[in-house]
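As a basis for the values below, the full set of heavy atoms in this structure was taken, side chains included, without hydrogen atoms, waters or symmetry mates.
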2 protein chains.
Amino acid sequence: MRILVVEDEPLLADAVAEWLRGESHAVDIVFDGAAALERFGVNDYDVVVLDRDLPGVHGDQVCRAIAAGHGETRVLMLTAASDIDDRVTGLALGADDYLPKPFAFRELAARVAALGRRARPAAPPVLERAGITLDTHRHQVFRDGRYVPLSRKEFAVLTELLRADGAPVSAEQLLEKAWDEHTDPFTQAVRMTILKLRRKLGDPPVVLTDPGVGYFLK
Amino acid sequence: MRILVVEDEPLLADAVAEWLRGESHAVDIVFDGAAALERFGVNDYDVVVLDRDLPGVHGDQVCRAIAAGHGETRVLMLTAASDIDDRVTGLALGADDYLPKPFAFRELAARVAALGRRARPAAPPVLERAGITLDTHRHQVFRDGRYVPLSRKEFAVLTELLRADGAPVSAEQLLEKAWDEHTDPFTQAVRMTILKLRRKLGDPPVVLTDPGVGYFLK
DNA sequence: ATGGGGGCATGAGAATCCTGGTGGTGGAGG
DNA sequence: CCTCCACCACCAGGATTCTCATGCCCCCAT
């Protein structure tokens, strides 16, 4: 899941991002509202963790902008404990949830996960194509009935390819889905992962290359 | 199983929580309705033990909120004996069970267990998989017919693994279900408990790990 | 046909992450 | 006082992930 953290306190922002990454989400950080708005022109986020008290553009404004322009994106608003009665205000602005500081990271992660579930309701648990069966629930992959052990990234990439349903997926898209923004755009990580996937999935090849475009299945 | 106790009398709340912890449940306590409502944004509880007579937000309101927003969560309502005719009212509000004070802790525990089973449809009182037999009633575990004494946490973790039915369960998920909210998110408690479980359950290993994903059975 | 050049595959490490395990501490309870 | 449980600090081995370097293949302009 792709998440944007908007928080002006760098230490807190980092801690939150780290925790969410531990939940295998792709997390970007910005430190003020203007930068946040800029991000929305660039990327699609599933969830935004938004500090209400931001320098410059206020969190409320950011929230309104998201609610207006990005129907898919869910907002979790963070606020100082003193604002606790602003709960109604926050929700009225279009926030989907509201979390008073101080909070436990576990709480935050749990709420983010809940929002993500809301944003993306019905993803089929079992994907299938070209002799590949992928069970998202059990984290298992079979090739022609034979179990194929995959690492985390391999699994994530294969899932994206399956979701694309045969359409080519560019390395950039894969980077966006399964890695976070801080990864070097010229990284070879995708290639490596594809390579290993091909090896593990065996013959005949199912992961094909559309040169200059991307990777696709069967 | 994760349980929230909502009870304004601290001594009673503590006693109930302790009793339930003895049954290997993870228990959080709050003393009023507002705090209870806040908790629901944070964790999903399997069961809520809810005093009807609360200061501030009344137990009925809490109950209604739970029924509206948390379909998975079951409510056991506690009430003064004089209210005994309110049984119908209570159930109409969305409570799943109703227990008049004073009550025996054993009875409360039994009803909570029953509700927990109901929350998981088709979860029988005896779970079984890969040579492991776990009796949720008697708190007993057998490996290939041989009795295995487990501590509370070990029992709780094994129960969650069995309920996952072979799907991997992450350490974070286990923390959510088997530990209460005062737990350090970076704790190694889960790993340690898994380690001990494996030792006690003996060979061949049944608790396996899916690296980077979680633990699973068989 | 031929000599680049871009895009891609591949191999060999290096850095990092994950995990199982040891030893030890503190607290609850007998 | 002793035992058991829950937990933390820490370590080492192994897997994973990623970079660097190299080589292949196809296309195309010469």
Side-chain angles (χ1 to χ4, degrees), chain A residues 18-26 139 141 148-158 168-172 174-175 177-203 205-216, chain B residues 14-15 17-19 21-27 139 141 148-158 168-172 174-175 177-216:
Chain A
E18 269 317 305
W19 181 257
L20 290 173
R21 286 186 187 123
E23 308 269 317
S24 45
H25 297 129
H139 270 264
V141 173
V148 183
L150 293 184
S151 75
R152 229 185 344 168
K153 281 262 147 62
E154 289 156 9
F155 188 89
V157 167
L158 183 58
V169 184
S170 71
E172 291 75 26
L174 288 173
L175 267 186
K177 294 282 188 182
W179 280 265
D180 67 45
E181 194 178 65
H182 285 15
T183 51
D184 162 24
F186 303 116
T187 182
Q188 317 227 38
V190 174
R191 259 191 225 149
M192 275 291 99
T193 308
I194 292 282
L195 173 64
K196 293 196 162 181
L197 256 183
R198 283 178 171 149
R199 278 195 193 138
K200 289 194 180 178
L201 292 176
D203 285 323
V206 278
V207 179
L208 307 180
T209 303
D210 190 346
V213 179
Y215 301 95
F216 65 100
Chain B
D14 257 2
E18 267 317 306
W19 185 270
R21 288 189 185 120
E23 303 276 314
S24 283
H25 302 307
V27 185
H139 274 238
V141 172
V148 182
L150 293 184
S151 76
R152 283 190 256 173
K153 285 275 186 268
E154 289 156 6
F155 185 87
V157 167
L158 184 58
V169 184
S170 71
E172 290 75 23
L174 288 172
L175 268 185
K177 284 299 179 190
W179 274 263
D180 67 36
E181 62 188 351
H182 300 308
T183 310
D184 165 23
F186 301 114
T187 183
Q188 308 193 66
V190 173
R191 283 178 23 187
M192 288 297 101
T193 306
I194 291 282
L195 179 63
K196 290 186 173 180
L197 255 183
R198 291 210 249 241
R199 276 190 193 144
K200 290 195 181 178
L201 292 175
D203 285 324
V206 278
V207 179
L208 307 180
T209 137
D210 191 344
V213 179
Y215 300 96
F216 64 100

Would you mind reading off the distance between [X] atom [atom1] and [N] atom [atom2], rounded to a whole angstrom?
| X | N | atom1 | atom2 | answer |
| --- | --- | --- | --- | --- |
| B/L175 | D/dA6 | CG | P | 14 Å |
| A/L195 | D/dT22 | CG | C1' | 14 Å |
| A/L197 | C/dC8 | CG | P | 17 Å |
| B/L208 | C/dT19 | CG | P | 13 Å |
| B/R21 | D/dC5 | CZ | C1' | 15 Å |

Distance below 4.0 Å between B/T209 side-chain N/O and C/dC18 OP1 or OP2: no
Presence of B/Y215 side-chain N/O under 4.0 Å of C/dG20 phosphate oxygens OP1/OP2: yes
Can you give me the N/O atom pairs linking the protein to nucleotides 9-19 of chain D at distances under 3.5 Å, or say none if there are none?
residue, atom, partner, partner atom, Å
D/dA9, N7, B/Q188, NE2, 2.8
D/dC10, N4, B/Q188, OE1, 2.9
D/dT17, OP1, A/K153, N, 3.1
D/dT17, OP2, A/S151, OG, 2.4
D/dC18, OP1, A/W179, NE1, 2.8
D/dC18, OP2, A/W179, NE1, 3.1
D/dT19, OP1, A/T187, OG1, 3.4
D/dT19, OP2, A/T187, OG1, 2.3
D/dT19, OP2, A/Q188, N, 3.3

Whether B/T183 side chain and B/D180 backbone form a donor-acceptor pair below 3.5 Å: yes
Exam field: side chain B/K196 to backbone B/E154, donor-acceptor pair closer than 3.5 Å: no
Partners passing side-chain hydrogen bond (donor to acceptor under 3.5 Å, both in side chains) against A/T209 (at least two apart in sequence or in another chain): A/R198
Nearest-nucleotide comparison on DNA chain C, the residue closer to the 5′ end among B/R198 and A/R199: A/R199
Among B/V141, B/L158, B/V206, side-chain contact (heavy atoms from CB on, under 4.5 Å) partner for B/L197: B/L158
Option among A/V157, A/V190, A/D210 that satisfies the side-chain contact (heavy atoms from CB on, under 4.5 Å) test with A/Y215: A/V190
Non-hydrogen side-chain atoms of A/W179 and A/T193 separated by less than 4.5 Å: yes
